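Read the structure below first, then the notes.
Quick caveat: nothing in here was measured; it's all calculated off a predicted structure. Each ligand, and each atom within it, is numbered from 1 in the order the structure gives.
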Amino acid sequence: MSVTAATSPSVGSFHPSCRRSTRLAALPRFRMSVRSAAVSVTPLVTELRKDCTTPLPLLRHVADAMAADMRAGLAVEGGSDLKMILSYVDSLPTGNEKGLFYALDLGGTNFRVLRVQLGGKEERVIATEFDQVPIPKDLMFGTSEELFDFIASGLAQFAQNEGNKFHLPTGTKREIGFTFSFPVKQTAVDSGILIKWTKGFSVSGTAGRDVVACLNEAMERLGLDMRVSALVNDTVGTLAGARYWDDDVMVAVILGTGTNACYVERVDAIPKLQDHASSGSTIINTEWGAFSKGLPLTEFDRDMDAASINPGEQIFEKTISGMYLGEIVRRVLLKMAEADALFGDSILEKLSTPFVLGTPDLCAMQQDTSDDLQDVGSILYNVAGVESNPSARKIVVEVCDTIVKRGGRLAGAGIVGILQKMEEDSKGVIFGKRTVVAMDGGLYENYPQYRTYLSEAVTELLGDDSAKNVVIEHSKDGSGIGAALLAAANSKYHSHDS
Ligand code: BGC
């Protein structure tokens, strides 16, 4: 299932939102003896709204704390929640890159392979092809070998079907940019050790190991002769991919299943970097998902965290990213159903199942503009197994909006924290000129309300003057092309001409 595309779609692994609802079964004729729940549930909604509120001073506090945590993480290893990982990517794509390169992307519910023929400044991207395969659930909880064997065999299959638009010079190996979207302590541009899994992965035997070695071993087991020339986080791939087209890109943010941000940092602003000979700047992978200061959290967040496979970790991620928003809402609705019969006497078995309600379902519900919220009713019935009357549905939409608004606004505050830190170090470098923040990930791409809340928060925080220079832009190529470009920049054959 190879797809050829001039520009490939987003690599974000949070699935295109509102799609799940396109094949909704018709709503059954309810025994809606369900008494109107609106009155009794109202105090719970009011309380939730109050607990999740993100007024400007709170956002400002979050942005400041993000900037302070960045500094602490740059000062010493382990100095803050934010790991501030060195990417070893010291030069970004110039446009001169030439040749055939592969990219492999593992970061969420799908893994993707891509090849690109680069033609230098004149021809740019001559051809791309990609393939996307969902990661079987059991592999997310299996062994490292099983996971990497699966990836290597997907890569092998894809590499076999290379069409004649792609040309590899004789005597060279196919080179790969490997996007691995989990916290990795880079040891070089082409190697790094997995610190821990996130986003629901719990594969045994990978943490503490070089993930490139894991991939190489799996490729050897298959007799696949390819070489990883760059190991990158998805944020770094996104930054590289966006920079290829636009020199003003300084920050990249992923909002998908998980979340993270990276940015261009001056080497002399990284005290923990002692003997790294380098030019003026490098890319820092913040791993901001681990941020935790000043967030307006509720009992539902705390309970979800306690029940997660990584309690106490990735708190920012658990508050703002696609894997978790649906689950928070489910927990709120379950409480309202149990305490106040929001869904009448519906059986709550399905609604009691963790993660049964996905963020795409919230998104679909928020797009329903009909008077009686028929789509909301159908989704609640089909996905969560509950019957609802229009006033209950209205409450459900309000709950979705409350959680999504909090997430979007906090994400916006995080972005401002990064910009603020960069501006404090070199006045004018961010707000004095056009600065682009490249965004990717399914949550950002597919959830219009989330996107709006995010950009409103950024504007509120920056004020109109500074905000007019900051461009928040969806980076359509995702990290795939970026990883391939970084493979080109680090090719051992120097097939680029820099
Ligand atoms: C990971 C990051 C990644 C982000 C977005 C997080 O869970 O820790 O490395 O960039 O998800 O995919």
Where ligand 1 meets Asn233 - atom numbers and elements under 4.0 angstrom, heavy-atom basis
2 (C), 3 (C), 9 (O), 10 (O)
Nearest heavy atom to atom 3 (C) of ligand 1 wins, so pick from Asn310, Asp234, Thr257, Asn285.
Asp234
For ligand 1, which atoms have a heavy atom of Thr198 less than 4.0 angstrom away?
1 (C), 6 (C), 7 (O), 8 (O)
Aromatic ring pairing Phe180/Phe148, orientation class (parallel under 30°, perpendicular over 60°, tilted between)
parallel
Side chain to side chain donor-acceptor pair (under 3.5 Å) contacts in which one or both residues fall within residues 73-84, not counting sequence neighbours
Glu77-Lys272, Asp81-Ser292
Within ligand 1, which atoms have a heavy atom of Pro183 less than 4.0 Å away?
8 (O), 9 (O)
Can the positive tip of Lys199 be found less than 6.0 Å from the middle of the six-membered ring of Phe182, inside 45° of the ring normal?
yes
To atom 4 (C) of ligand 1, the nearest of Ile85, Thr286, Thr259 on a heavy-atom basis is Thr259
Run the numbers for me: atoms of ligand 1, each under 4.0 Å from some heavy atom of Glu287, listed by number.
1 (C), 2 (C), 8 (O), 9 (O)
Applying salt bridge (charged side-chain N to carboxylate O under 4.0 Å, His left out) to Glu456 and Lys405, what does each step give before you reach the verdict?
CA-CA 10 Å; Glu456 279 172 6; Lys405 183 172 187 178; over 6 Å; no
We want to know whether Ser479 and Asp234 form a side-chain donor-acceptor pair, criterion being a heavy-atom distance below 3.5 angstrom.
no
Considering both backbone and side-chain atoms of Asn260, is one of its nitrogen or oxygen atoms within less than 3.5 Å of a nitrogen or oxygen in ligand 1?
yes
Above 12 or not: heavy atoms from other molecules or residues under 6.0 Å from NZ of Lys433?
yes
